[in-house]
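Read through the structure below, which is laid out as structure tokens, and then see the notes.
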Amino acid sequence: MKVIVVENYQQIGQLGAQIIAGVIKNNPNAVLGLATGTSPIGIYQNLVEMCQKGEISFANVKTVNLDEYVGLDGTHPQSYRYFMNDNLFNHVDIDKANTFVPNGVAENLQEECTRYTTLVNNSVQDIQLLGIGSNGHIAFNEPGTPFESTTHMVNLTENTIKDNSRLFDDISQVPTKALTMGIANIMNAKHILIVANGKNKAQAVYNMVKGQVNTTCPASVLQNHPDVTVIVDKDAASLL
Ligand code: GLP
């Protein structure tokens with residue numbers, strides 16, 4: 001794992017975007033694995049700026065997102081499809097038909113999971129961007145999730161519901177279930193870029209980088225991946 005400690009959130013955004021832009025410049029048909037949450041927003045802002053200046057193009061890029069809440073369709077402002085449109089896709093030259101997010105309102109959620117795993121197996125991520133939950137989750141793979149898991153439906157932990165409730169009017173509106181790429185689908189990416197900022201991520205970052213590799217901290221599995229870049233600010237790195 002290559003760990004880069006930067007001063008602040010702004011620098012995570014700049015450096016993270018440079019790495020992703022490098023992947024696109026190297027391969028204009030790249031498959032980007034993308035993430036939601038507050039952590040990657042700065043990266044998306046920088047990528048939008050680079051695209052608007054003509055430095056990169058998403059015209060032939062394909063994207064696969066990590067996860068989606070069950071019960072929220074893409075028009076719901078808290079859905080991850082809405083988030084991606086709002087923070088990235090609406091502002092760059094991407095063909096939305098080449099952007100994929102699990103469908104949290106599919107009639108048969110089990111079939112949707114199988115479909116999504118086939119999709120990511122056929123479109124292996126050249127780079128997978130990740131955030132980390134304060135309990136060490138990646139995507140919505142909560143502690144205890146087997147490392148060999150593929151796309152599946154999860155019951156969100158109380159901790160995650162509480163963390164994510166800041167984006168909803170009321171905690172009772174946070175969905176209790178989600179569809180998520182599994183840990184095996186994430187580990188299949190050629191390169192992984194994981195970003196974190198703030199003191200409340202320090203323990204999870206420590207467990208990911210220096211802790212034992214086990215399912216108690218799902219992100220610790222990344223120690224087994226051959227090509228991982230971790231970008232953290234000083235606060236998130238404070239226990240390293
Ligand atoms: C959610 C997402 C994760 C994300 C995590 C942390 O649970 N499913 O992919 O990494 O939140 O979010 P934030 O970056 O807002 O702290």
Side-chain angles (χ1 to χ4, degrees), residues 6 8-13 16-17 32-45 63-72 76-84 86-88 100-104 113 116 120 125 127-145 149 151-168 171 173-183 185-187 189 192-205 207-209 217-222 228-233 235-237:
V6 296
N8 51 36
Y9 181 79
Q10 203 194 348
Q11 290 182 2
I12 296 176
L32 308 179
L34 298 178
T36 56
T38 317
S39 315
I41 291 178
I43 294 179
Y44 296 147
Q45 285 169 348
T63 67
V64 288
N65 256 79
L66 290 169
D67 46 12
E68 180 59 284
Y69 286 118
V70 167
L72 303 190
H76 191 291
Q78 301 308 336
S79 72
Y80 286 170
R81 159 54 74 181
Y82 188 98
F83 174 101
M84 289 311 303
D86 197 35
N87 284 288
L88 183 65
F100 299 91
V101 180
N103 178 6
C113 292
Y116 207 74
V120 289
Q125 309 94 306
I127 186 164
Q128 176 65 59
L129 174 62
L130 295 174
I132 183 169
S134 63
N135 62 358
H137 75 241
I138 46 176
F140 269 133
N141 293 288
E142 298 280 23
T145 308
S149 58
T151 312
H152 60 289
M153 180 153 75
V154 290
N155 292 314
L156 301 177
T157 61
E158 260 179 57
N159 180 80
T160 298
I161 292 174
K162 198 167 142 259
D163 279 358
N164 290 2
S165 68
R166 68 186 194 283
L167 303 166
F168 289 78
I171 193 162
Q173 291 176 10
V174 185
T176 56
K177 290 182 194 306
L179 301 185
T180 182
M181 253 190 225
I183 291 178
N185 304 129
I186 293 170
M187 290 293 279
I192 291 179
L193 171 62
I194 182 158
V195 296
N197 63 286
K199 274 240 148 55
N200 70 322
K201 298 289 175 70
Q203 187 64 52
V205 167
N207 293 342
M208 163 175 73
V209 177
C217 174
S220 67
V221 73
L222 301 178
V228 177
T229 305
V230 182
I231 311 179
V232 281
D233 74 351
D235 286 340

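All values below were derived from every heavy atom in this structure, side-chain atoms included, with hydrogens, water molecules and symmetry-related copies excluded. Atoms within a ligand are numbered from 1 in the order they appear, just like the ligands themselves. All residue numbers in this chain count up from 1 along the given sequence.
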I'd like to know if the side chain of Ser220 and the backbone of Asn207 have a donor-acceptor N/O pair within less than 3.5 Å. no
Whether Tyr80 and Phe83 hold their rings parallel, tilted or perpendicular, with breakpoints at 30° and 60°: perpendicular
Using a strict cut-off of under 4.0 Å between a residue heavy atom and any atom of ligand 1, list the qualifying protein residues by chain and number. Gly37, Thr38, Ser39, Asp67, Tyr80, Gly131, Ile132, His137, Ala139, Phe140, Asn164, Arg166, Lys201
Member of Asn159, Thr157, Asn155, Thr180 meeting the side chain to side chain donor-acceptor pair (under 3.5 Å) criterion with Glu142: Thr157
Start with the C-alpha distance between Tyr9 and Ile41, add both sets of side-chain angles, then the distance that settles side chain to side chain contact (heavy atoms under 4.5 Å, CB included), and finish with yes or no. CA-CA 10 Å; Tyr9 181 79; Ile41 291 178; 3.5 Å; yes
Over 60° means perpendicular and under 30° means parallel, so tell me whether Phe168 and Tyr69 are parallel, tilted or perpendicular. perpendicular
Is a donor on one side and an acceptor on the other found under 3.5 Å between the side chain of Gln78 and the backbone of Leu167? yes
